[in-house]
Amino acid sequence: MTPIDFRSDTVTQPTPAMREAMMAAPLGDDVLEGDPSVRSLEAKVAELLGKEAALFVPSGTMANLLAVRSQTQPGEEIICDENCHIYYYEAAGFAAVSGCSLRFTRGERGLFTGDDVERLVRHDDEHFPRTSLVCVENTHNRGGGAVWPIEQLADVYGRSTELGLRVHMDGARLWNACAASGLEPADFAEFTDTVSVCFSKGLGCPFGSVLIGDKAAIAKARRLRKVVGGAMRQAGLLAAAASHALDHNRQRIGDDHRRASALAEAIAEIPGLTVDASRIETNMVYFGVDPSLGTAAEFCAKLDDSVRMLDESPQGVRAVMHLHITDDDVARASDLIAQAAGATGSPA
Ligand SMILES: Cc1ncc(COP(=O)(O)O)c(C=O)c1O
């Protein structure tokens, strides 16, 4: 039987309808006269987020890289959470390409406050780097898929703006934040200067991100995209898939959240595994493994033929719901996880 793949919401395959949409896309040279499918996706996403302009890029990492590089100068500092994706998983692009340092907030589940920004911003002193940017992540991946409460985001944005700082949101999973909160993308984007969104997570597209912001920020990012080799030619093939994902796969994201809660509730009943199911907000389940069951890596390895998950820390495991996961998968995985932990699981 094919293993149930909970490693990430990035593991999905394009559906036949998405492949058809790609084949039907009108194309042009996006670096010369522009590609109509790319332009239409950029316009659609800019409107959805209520911002002036948008730029299509291959990945979330590139969108974040361009956001940071276009809103900072080498030697400046960025305020962000110590577990954010930009710091943890993007090969230190903030340092390698932007020449910036980071100053960390250490809030619960990756969230922080306007007070944190005020405490961490550097004062004008030649010893210090200048602070220029604040980065928030919504939903917060290593924060367990946490959603930013809108008042908290408004507070961070208000204080940052007063201090002359720009605010970038890594919104790789902004769609999940919207499904969980009932808010629209523009409601969150209002309290940011730039936002990156991904089509390759909960929306089930194989690639693609968009960086959204004001005209000046996006014009800068467009030049920088060329510098890092991210300007593509008949990229409408990709943009059409992203557009299809946006039109067809956004409405079902709530199902992923419901399934994540169901999995967490089952895991909470298994001796030796710990999770607070009431804290599951979106599509991610992080749970703890008691050392009597081995390390998280050993626990995952034991299940790898049937249920694939990632060890995220020595005793912590992550399971993520996505387009290909069904209610049956969740029920079956719950039993298999219980068996691997030495509990019996429910009768088949
Ligand atoms: C929160 C967050 N931001 C950015 C990214 C980067 O996206 P990509 O893999 O498309 O570079 C990811 C990838 O999983 C992510 O989880």
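All values reported here derive from a predicted model rather than from experimental measurement. In each ligand, atom 1 is the first atom listed, and ligand 1 is the first ligand listed.
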*Name the option, out of His85, His140, Met62, that contains the heavy atom nearest to atom 2 (C) of ligand 1.*
His85

*Counting both backbone and side chain atoms, is some N or O of Thr61 under 3.5 Å from an N or O of ligand 1?*
yes

*Report the part of Ser59 in contact with ligand 1, treating N, CA, C, O as backbone and CB onward as side chain, heavy atoms under 4.0 Å; options are side chain, backbone, both, neither.*
both

*asked:* Residue-level breakdown please: for Asn64 versus ligand 1, do any non-hydrogen atoms fall below 4.0 Å on the side chain, on the backbone, on both, or on neither?
replied: side chain

_Geometric cation-pi criterion Arg142 and Tyr88, 6.0 Å radius, 45° cone_ = yes

*Assert yes or no for the condition that the ring centre distance of Tyr157 to Trp148 is strictly below 6.0 Å.*
no

_I need the atoms of ligand 1 closer than 4.0 Å to a non-hydrogen atom of Glu90, numbered in the order shown._
4 (C)

Cut-off 3.5 Å, no hydrogens considered: what does the side-chain donor-acceptor table look like for residues 224-237, sequence neighbours left out?
residue, atom, partner, partner atom, Å
Arg225, NH1, Phe56, O, 2.7
Arg233, NH1, Asp29, OD1, 3.2
Arg233, NH1, Asp29, OD2, 3.3

*Could you name the option among Glu137, Lys201, Met284 that has the heavy atom nearest to atom 14 (O) of ligand 1?*
Lys201

_By the definition side-chain contact (heavy atoms from CB on, under 4.5 Å), identify the one residue from Val197, Thr192, Leu174 that meets it with Ile212._
Val197

*Between Arg318 and Glu312, is there a salt bridge with N-O shorter than 4.0 Å?*
yes

*With backbone taken as N, CA, C and O and side chain as the heavy atoms from C-beta onward, which portion of Asp170 lies under 4.0 Å from ligand 1: side chain, backbone, both, or neither?*
side chain

_Considering both backbone and side-chain atoms of Ser209, is one of its nitrogen or oxygen atoms within less than 3.5 Å of a nitrogen or oxygen in ligand 1?_
no

*Any salt bridge between Asp214 and Arg166, counting N to O under 4.0 Å?*
yes

*asked:* What protein heavy atom lies closest to atom 10 (O) of ligand 1? Include the residue and the distance to one decimal.
replied: Gly60 N, 2.8 Å

*Polar-atom distance check: Arg173 versus ligand 1, any N or O pair below 3.5 Å?*
yes

*Are Asp327 and Arg258 ion-paired here, with the side-chain N under 4.0 Å from a carboxylate O?*
yes

